[in-house]
Amino acid sequence: MAPAQNPISSQHVAVIGAGAAGLVTARELRREGHTVVVFEREKQVGGLWIYSPKAESDPLSLDPTRSIVHSSVYESLRTNLPRECMGFTDFPFVPRFDDESRDSRRYPSHMEVLAYLQDFAREFNIEEMVRFETEVVRVEPVKGKWKVRSKTSGDISNDEIFDAVVVCNGHYTEPNIAHIPGIKLWPGKQIHSHNYRVPDPFENEVVVVIGNFASGADISRDIAKVAKEVHIAARASERDTYEKRPVPRNNLWVHSEIDSASEDGSIVFKNGKVIHADSIVYCTGYKYYFPFLDTNGYMSIDENRVEHLYKHVFPPALAPSLSFVGLPAMGIQFVMFEIQSKWVASVLSGRFTLPSQDKMMEDITTTYATLDALGIPKRYTHKLGKIQCEYLNWIAKKCDCPLVEHWRNQEIVRGYQRLVSHPETYRDEWDDDDLKEEAYKDFATKKLISFDPSYFLESSI
């Protein structure tokens, strides 16, 4: 993708959401010379990292009339990756030892991530672009531009015209619920992890947690502190899996998937084990959901695949004036947001160009065919896994920005290996001090930190 020959142009751009993706997108758009309005329904920046003890009235979040709570953060949440690989490339997520209110751990709490995003917003004066307590209720194309209808907390509606819209509203609000044969007659309590906050409601209960990655591993161990028994149903496990896990109260088991549920309160696993449970917690992920977006039928979501998107960012027939930042699921989320938003900003300015609509559709068709040939279900289209750095470096080369650092990629790889092999201890015991040292030396070389790397390496925990 060569630089465009046209003069650089400035666009009037709407950004939907002021979480991590929206914040860095707003910064990159303004750096590229665009004017930006960020719409944020909450009272502050931070998106999914804003903790609220309040959960939705419907614990499964299926009732369309429920009042929606956008946070999915639970009280005990800590990051599942080291902080140095999480931060934006030019604003490292380093400990703030000078502030006792901050969490200096290498795997800090959700409150520390929120504080980091607030620091980022202040450092780059992003809040002046944000309209707080303003929800986008409709986005539609009008004569080559986009009409954005928003609504304030006081129910005042407003229509505005923008040259472009960047969707950064995240995808951790609309829960995905696994189907279990017989569940409609099962008498116990059911809740999705979106509405999980603290373990107290599960005291002395027998609890089944569906899902054993990230939130599933965390929440099952959190509940095990107070529950009588916790049983994890793990889809990735072999059919005969039945393992007891080392937790303080010796009350956690891992099974294969659930086979069925019955009205007598029993749960049957595919390994043949039967338990009588009080509650089920679904740690089964989320659905992509854009209720405000009207593309006259061009875009759709099929089995959680957002169709059709070139490189998970641009819908060919509507590009570049409509784009999405933050769709793929990967480890280095903030860096992905940054690289994708640099690409969007530079394409909107005309500094770089996209392939033709036909070429983009051809690429999408090839990608779908490859996934199909590999037996990868549609629902995993946006899960990039081991190819995440390859994907980000492809985009980085297209918009002439730095590639993902070696140490950052390796921290992701080795961090996930520890998560899988030592889920109880991986946040506090690690074996990659060499990568941590490389990261802080890199920050120092780029003059991104004001202290010698040893200050962080010797003090951090």
Side-chain angles (χ1 to χ4, degrees), residues 13-32 34 36-42 44-50 70-73 79 81 85-91 93 110 113-124 126-127 129-132 134-136 139 148 162 164-174 286-290 292-293 306 309-315 320 322-348 382-384 388 391-392 395-396 399 401 404 408:
V13 187
V15 174
I16 302 175
L23 292 175
V24 74
T25 296
R27 186 190 71 168
E28 295 304 326
L29 287 166
R30 185 166 63 182
R31 279 181 167 178
E32 193 71 19
H34 305 295
V36 184
V37 175
V38 182
F39 294 90
E40 172 52 51
R41 70 186 115 213
E42 301 295 334
Q44 59 179 317
V45 302
L48 70 90
W49 294 100
I50 302 170
H70 295 281
S71 175
S72 297
V73 170
T79 67
L81 288 170
C85 71
M86 286 183 63
F88 298 115
T89 60
D90 58 355
F91 193 75
F93 187 17
H110 58 86
V113 182
L114 178 60
Y116 166 76
L117 292 174
Q118 292 168 338
D119 289 343
F120 178 80
R122 278 191 295 270
E123 176 71 17
F124 297 100
I126 296 170
E127 288 196 5
M129 294 183 274
V130 182
R131 293 184 191 167
F132 292 106
T134 306
E135 180 179 6
V136 171
V139 173
V148 175
F162 290 87
V165 173
V166 188
V167 179
C168 305
N169 69 322
H171 45 88
Y172 295 99
T173 297
E174 191 71 12
Y286 295 84
K287 300 175 184 177
Y288 294 103
Y289 188 55
F290 311 104
F292 52 83
L293 184 59
V306 183
L309 289 177
Y310 177 62
K311 305 303 182 185
H312 309 276
V313 176
F314 292 105
L322 179 65
S323 58
F324 296 76
V325 168
L327 245 61
M330 63 169 66
I332 36 180
Q333 290 277 303
F334 290 8
V335 172
M336 175 185 70
F337 303 156
E338 184 178 354
I339 292 176
Q340 286 182 330
S341 62
K342 286 179 184 292
W343 189 28
V344 170
S346 61
V347 169
L348 284 175
H382 304 295
K383 291 184 182 292
L384 300 189
Q388 60 183 331
Y391 166 79
L392 292 177
I395 294 178
C399 58
C401 70
V404 176
R408 198 183 298 266

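Residues: numbered from 1 along the sequence shown. Predicted model, so just to flag it, every value in this text is computed and none were measured.
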### Query
Any Lys/Arg nitrogen of Glu32 or Lys342 sitting under 4.0 Å from an Asp/Glu carboxylate oxygen of the other?
no
If every non-hydrogen atom of [X] is compared with every non-hydrogen atom of [Y], which pair is closest and at what distance?
X: Met336; Y: Gly326; result: CE-CA, 3.6 Å
X: Ala121; Y: Val45; result: CB-CG2, 4.2 Å
X: Leu81; Y: Met86; result: O-SD, 3.8 Å
X: Cys399; Y: Ser346; result: CB-OG, 3.6 Å
X: Val148; Y: Ala14; result: CG2-CB, 4.2 Å
X: Ser72; Y: Tyr172; result: OG-O, 2.6 Å

So, do [X] and [Y] sit near enough that their side-chain heavy atoms are less than 4.5 Å apart?
X: Leu48; Y: His70; result: no
X: Tyr286; Y: Glu174; result: no
X: His110; Y: Val113; result: no
X: Pro328; Y: Gln340; result: yes

### Task
Quick one: do Val344 and Thr25 satisfy side chain to side chain contact (heavy atoms under 4.5 Å, CB included)? Show the steps, please.
CA-CA 8 Å; Val344 170; Thr25 296; 5.7 Å; no
Interatomic spacing from [atom1] in [X] to [atom2] in [Y] - rounded to 0.5 Å:
X: Ser341; Y: Leu348; atom1: OG; atom2: CG; value: 11.0 Å
X: Arg27; Y: Phe120; atom1: CZ; atom2: CZ; value: 4.0 Å
X: His382; Y: Leu309; atom1: NE2; atom2: CG; value: 6.0 Å
X: Glu135; Y: Phe292; atom1: CD; atom2: CZ; value: 9.5 Å
X: Leu392; Y: Ile339; atom1: CG; atom2: CD1; value: 4.5 Å
X: Phe337; Y: Ile332; atom1: CZ; atom2: CD1; value: 11.0 Å

### Query
Can you list the steps and then say if Glu28 with Val166 is a side chain to side chain contact (heavy atoms under 4.5 Å, CB included)?
CA-CA 12 Å; Glu28 295 304 326; Val166 188; over 6 Å; no
#### Entry: Atom NZ of Lys311 with >12 non-hydrogen neighbours under 6.0 angstrom
yes
### Task
Could you point out which residue of Val15, Val24, Leu23 forms a side-chain contact (heavy atoms from CB on, under 4.5 Å) with Ile126?
Leu23
### Task
Let me know which of Leu117, Val130, Leu114 forms a side-chain contact (heavy atoms from CB on, under 4.5 Å) with Gln44.
Leu114
Check: [X] side chain, [Y] main-chain N or O, donor-acceptor pair, under 3.5 Å:
X: Arg408; Y: Cys85; result: yes
X: Ser71; Y: Ile50; result: yes
X: Glu40; Y: Ala18; result: yes
X: Thr134; Y: Phe132; result: yes

### Ring-ring centroid check Phe91 Tyr116, cutoff 6.0 Å
yes
### Task
Evaluate the side chain to side chain contact (heavy atoms under 4.5 Å, CB included) criterion for residues Val37 and Phe162: first the C-alpha distance (whole Å), next the side-chain angles of each, then the deciding distance (0.1 Å), finally the verdict.
CA-CA 9 Å; Val37 175; Phe162 290 87; 4.0 Å; yes
### Message
Testing Tyr391, Phe324, Trp343 one by one against His312 for a ring-ring contact (aromatic ring centres under 6.0 Å, His included), which residue passes?
### Response
Tyr391
### Task
For the pair Tyr288 and His171, name the ring-plane relationship: parallel under 30°, tilted 30 to 60°, perpendicular over 60°.
tilted
### Query
Is there a side chain to side chain contact (heavy atoms under 4.5 Å, CB included) between Asn169 and Phe290 once you walk through the steps?
CA-CA 8 Å; Asn169 69 322; Phe290 311 104; 3.4 Å; yes
